[in-house]
S.K.: 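Got a structure here, written out as structure tokens. Questions coming.
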Amino acid sequence: MSRLFYSIAILLLFVSKSVVSVPSCPDVIKNVAPCLSYLQGKSASPQCCAGVKGLSGMAKNQQDRMAICECVKQALSSYAYDPKRIPLLPKECGADVVLPPVDKNYDCSKAQLAEDGAMIM
């Protein structure tokens, strides 16, 4: 009987952890990395567009959007890029997401969900 109780307790621990977890920075960076050349003035690659669409799918709530924004900000902090190109990515890639011009000073607490369900970071 106690073995069953411990098994259920461990299962609940894993399930509850996965429910409250936000997107990991390595996953976000994997999606954003192919877009660096676009942010530096080149055209968007198919891998970049797949990453932008992946970001849109990761943002399920306010906490997710803030985490994604912080990861993007951290990932791009070491590179020279034009933050004004970030908002152009969704249109370029046909993604249902609104991205702001994230730079080192962007306040990620502004990340929100638009009325139509699209992510606004």
Side-chain angles (χ1 to χ4, degrees):
M1 177 76 167
S2 68
R3 193 174 225 179
L4 177 62
F5 173 75
Y6 287 118
S7 297
I8 292 172
I10 290 171
L11 178 64
L12 288 175
L13 179 65
F14 284 115
V15 170
S16 66
K17 183 178 180 185
S18 67
V19 170
V20 296
S21 66
V22 295
S24 71
C25 278
D27 287 341
V28 171
I29 292 168
K30 183 174 72 174
N31 282 301
V32 172
C35 296
L36 183 58
S37 62
Y38 176 81
L39 299 178
Q40 294 173 327
K42 297 188 173 101
S43 61
S45 68
Q47 295 83 2
C48 171
C49 289
V52 170
K53 290 173 184 174
L55 284 181
S56 179
M58 290 179 173
K60 308 235 184 297
N61 57 46
Q62 178 75 15
Q63 190 176 12
D64 290 349
R65 290 181 293 280
M66 286 177 57
I68 290 168
C69 179
E70 289 294 341
C71 291
V72 168
K73 188 160 75 168
Q74 176 187 350
L76 293 175
S77 67
S78 302
Y79 299 97
Y81 69 98
D82 182 359
K84 293 176 188 167
R85 290 184 61 88
I86 295 174
L88 305 175
L89 269 169
K91 185 175 182 181
E92 182 81 22
C93 294
D96 188 24
V97 62
V98 178
L99 300 173
V102 176
D103 64 13
K104 65 181 181 180
N105 298 315
Y106 187 78
D107 180 3
C108 288
S109 68
K110 294 179 181 178
Q112 57 185 316
L113 194 62
E115 290 180 21
D116 64 359
M119 178 176 68
I120 300 175
M121 288 197 338

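Worth knowing before you read on, the calculation uses all heavy atoms, side chains too, and leaves out hydrogens, waters and symmetry mates. Count residues from 1 along the sequence.
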S.K.: Which side-chain hydrogen bond (donor to acceptor under 3.5 Å, both in side chains) pairs, counting each pair once, include a residue from residues 45-54, with sequence neighbours left out?
M.R.: S45-Q47
S.K.: Hey, are the side chains of M58 and D27 touching, using non-hydrogen atoms and a 4.5 Å cut-off?
M.R.: yes
S.K.: For V28 versus P23, what's the shortest heavy-atom pair and its separation?
M.R.: CG2-CB, 4.1 Å
S.K.: May I ask you to decide if V97's main-chain N or O and S56's side chain share a donor-acceptor pair within less than 3.5 Å?
M.R.: no
S.K.: Please enumerate all residues that pass side chain to side chain contact (heavy atoms under 4.5 Å, CB included) together with C93, with sequence neighbours excluded.
M.R.: A44, C49, V52, L89
S.K.: Rounded to the nearest 0.5 Å, what separates atom CG in L55 from atom CG in L99?
M.R.: 7.0 Å
S.K.: Would you give the length of the straight line joining atom CG of L76 to atom CD1 of I29, rounded to the nearest 0.5 angstrom?
M.R.: 9.0 Å
S.K.: If you look only at pairs with a residue in residues 76-94, which of them pass as a side-chain hydrogen bond (donor to acceptor under 3.5 Å, both in side chains), with sequence neighbours excluded?
M.R.: none
S.K.: Measure the SG-CZ distance between C108 and R65 for me, rounded to the nearest 0.5 Å.
M.R.: 12.5 Å
S.K.: How far apart are the closest heavy atoms of A50 and N31, and which atoms are they?
M.R.: O-OD1, 4.3 Å
S.K.: Can you tell me how far the OH atom of Y106 sits from the CD1 atom of I86, to the nearest 0.5 Å?
M.R.: 10.0 Å
S.K.: Report the distance from atom SG of C71 to atom CE of M66, rounding to the nearest 0.5 Å.
M.R.: 11.5 Å
S.K.: What pairs of donor and acceptor atoms, side-chain ones from residues 32-43 against any protein atom, are under 3.5 angstrom apart with sequence neighbours left out?
M.R.:
residue : atom : partner : partner atom : Å
Q40     : NE2  : A80     : O            : 3.0

S.K.: Which residues pass the side chain to side chain donor-acceptor pair (under 3.5 Å) test with D103, sequence neighbours left out?
M.R.: none
